[in-house]
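A quick write-up on the structure given underneath.
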Amino acid sequence: MEPVVIVGGGMAAARLARRLDAPTTVIAGERHPAYNRVLLAGVLARQYGPEVIALPAPGPGVRWRAGVRATAVDTAAREVVCDDGTREPYGTLVLATGAAPVLPPLHDGELPEGVRAFRTLDDALADPGGRAVVVGGGLLGVSAAAALAVRGVDTVLAQQGERLMEHQLDAAASALLREQLTALGVEVHTGCRVRRLRPGGVLLARGSPRPEVGGRCELAADTVFLACGVLPLTGLARDAGIAVGRTGGIVVDDRLRTSQPHVHAIGDCAEHGGVTHGLAGAALEQADVLGDLLNGRAEAAYHGSRPLYRLSLPGPIDVAAFGTPSPTDGDDTVRLTDATRGTYRSLVVRGDRLRGGVLVGDLGAVGLLTRAWESDEALPATPLLHLLTHDGGN
């Protein structure tokens, strides 16, 4: 069997490597064994060590090259060039390069001392000191802020938008999430535009609720975590002449093939049907499909993934969102709020189909709801309130 080379050592790469029958080489980049990136907040909170989030080791047919980075792909010679001077020949190449954190243009060249992204195991293992500022109120930023607060770190969360996790949650759910973070001890600033990062982890913010200096607020911190989103890592693909799409991902078809023969892409770097998911679930689905294809199951195909966000954060703070969180014209909304328990559930329904939902504080019904959403079948005649209150067997 022709050898398979996988560039990238994340969750998608590890899943695929374990499934393949062919001899496989993984050029992993990170020095750590593969781990579950979804659980990084627990490591940052020191609720458990890195060994807990380690993924199962690949089989004996897999050569895992930790700490080695691919620098170029020679599609004519069918080789991957590595930063240690070696070249890895491939019969099939899989790009699973993932995504890189977005770094705001607030610095010259390298990040100032005490400023780091929140993306890798090394980031989660870092010592944040006694005070930290998290820049970004999306999924990663909320996770980091909750973890730091649980750890006892004096934490400020600065979000440029008007609400937290604005792409996943509706306004009511976002407000409840903010209340829960505040109860943990996180100082949350929304509508707060970061203007400058300074050496030593000092953050200069604009639009702060605490405008000490002419509408600006200087927030001193031992560590600043940047959680401003991610972008697909596609430099290798671009340099090799492989097509990149409008979302910035490597364009793949239903067989996860790129524009170059013998080259596939999966995970956060891949764009399928004009969509780059950036979700662990989608990456694992793509790895499973490609594993079937490379093992000779010609009928396998990838037809896209449906976005499902489920977070169990230190605190505890439980959040789930799927489909369309906010209604559009023609949609109906059913909401159930329990202020005493700090829970919120909302469903968006169009006709007899469930189009999306948001749950905060109690995820007992999430299994039943997501199954109804994923099946895209007509909802039962049972009142929708039953869907919101039923525990779904979870």
Side-chain angles (χ1 to χ4, degrees), residues 3-40 43 49-73 79-101 116-126 140 230-237 239-240 242 249-250 252 256 258 263-270 276-291 294:
V4 176
V5 173
I6 304 173
V7 178
M11 296 173 67
R15 177 76 155 245
L16 177 61
R18 290 197 303 273
R19 293 179 60 89
L20 293 179
D21 298 330
T24 302
T25 297
V26 180
I27 304 171
E30 285 194 58
R31 60 186 178 88
H32 301 284
Y35 56 87
N36 187 339
R37 197 180 303 275
V38 176
L39 300 178
L40 282 177
V43 177
E51 70 282 354
V52 173
I53 70 171
L55 296 175
V62 177
R63 186 165 60 111
W64 192 277
R65 302 194 63 192
V68 177
R69 297 187 178 276
T71 58
V73 174
E79 291 181 332
V80 177
V81 183
C82 301
D83 62 357
D84 63 354
T86 60
R87 300 175 74 95
E88 291 288 349
Y90 65 83
T92 297
L93 173 63
V94 181
L95 298 176
T97 48
R116 64 189 307 130
F118 180 59
R119 180 67 179 171
T120 69
L121 183 55
D122 284 334
D123 297 326
L125 291 172
L140 283 177
V230 296
L231 289 173
L233 270 173
T234 57
L236 282 176
D239 292 345
I242 297 171
I250 303 169
V252 296
L256 299 163
T258 71
V263 182
H264 300 257
I266 59 174
D268 292 356
C269 69
T276 303
H277 287 285
L279 294 171
L284 298 180
E285 290 173 12
Q286 292 170 3
D288 289 344
V289 169
L290 186 56
L294 297 183

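All heavy atoms count here, side chains included; hydrogens, waters and symmetry mates do not. Positions are given from 1, in the same order as the sequence printed here.
A donor-acceptor pair under 3.5 Å is absent between the side-chain atoms of T71 and the main chain of R69, judged by distance alone. With E88 contributing its side chain and V80 its backbone, the two residues share no donor-acceptor pair below 3.5 Å.
Every side-chain contact (heavy atoms from CB on, under 4.5 Å) that A237 has, sequence neighbours left out, goes to L95, I242, I250. Under the side chain to side chain donor-acceptor pair (under 3.5 Å) criterion, T25 pairs with R63, not counting sequence neighbours. Applying the side chain to side chain donor-acceptor pair (under 3.5 Å) rule to D123 yields the partners R116, T120; only residues at least two apart in sequence or on another chain are considered.
Closest approach of T276 and P232 over heavy atoms only: CG2-CG, 3.9 Å. The minimum heavy-atom distance linking A124 with L40 is given by the pair CB-O, 3.8 Å.
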Residues V43, L125; criterion side-chain contact (heavy atoms from CB on, under 4.5 Å); working and verdict: CA-CA 7 Å; V43 177; L125 291 172; 3.7 Å; yes
Under the criterion side-chain contact (heavy atoms from CB on, under 4.5 Å), I'd like the reasoning laid out for D84 against R65: C-alpha separation, chi angles, the key distance, then a yes or no. CA-CA 11 Å; D84 63 354; R65 302 194 63 192; 2.5 Å; yes
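For residues 23-32, the pairs satisfying salt bridge (charged side-chain N to carboxylate O under 4.0 Å, His left out) are E30-R37, R31-D122, with sequence neighbours left out. Within the structure, the salt bridge (charged side-chain N to carboxylate O under 4.0 Å, His left out) test picks out the following pairs touching residues 7-16 (sequence neighbours left out): R15-D288.
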Listing, residues 50-60 side-chain donor-acceptor contacts under 3.5 Å, not counting sequence neighbours, or none:
none

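Interatomic distance, NE2 of H32 versus CG of L121, reported as 4.0 Å (0.5 Å rounding). The distance from atom CZ of R19 to atom CG of L290, rounded to the nearest 0.5 Å, is 9.5 Å.
Exactly one of V94, L233, V263, L93 qualifies for a side chain to side chain contact (heavy atoms under 4.5 Å, CB included) with V7. That residue is L93.
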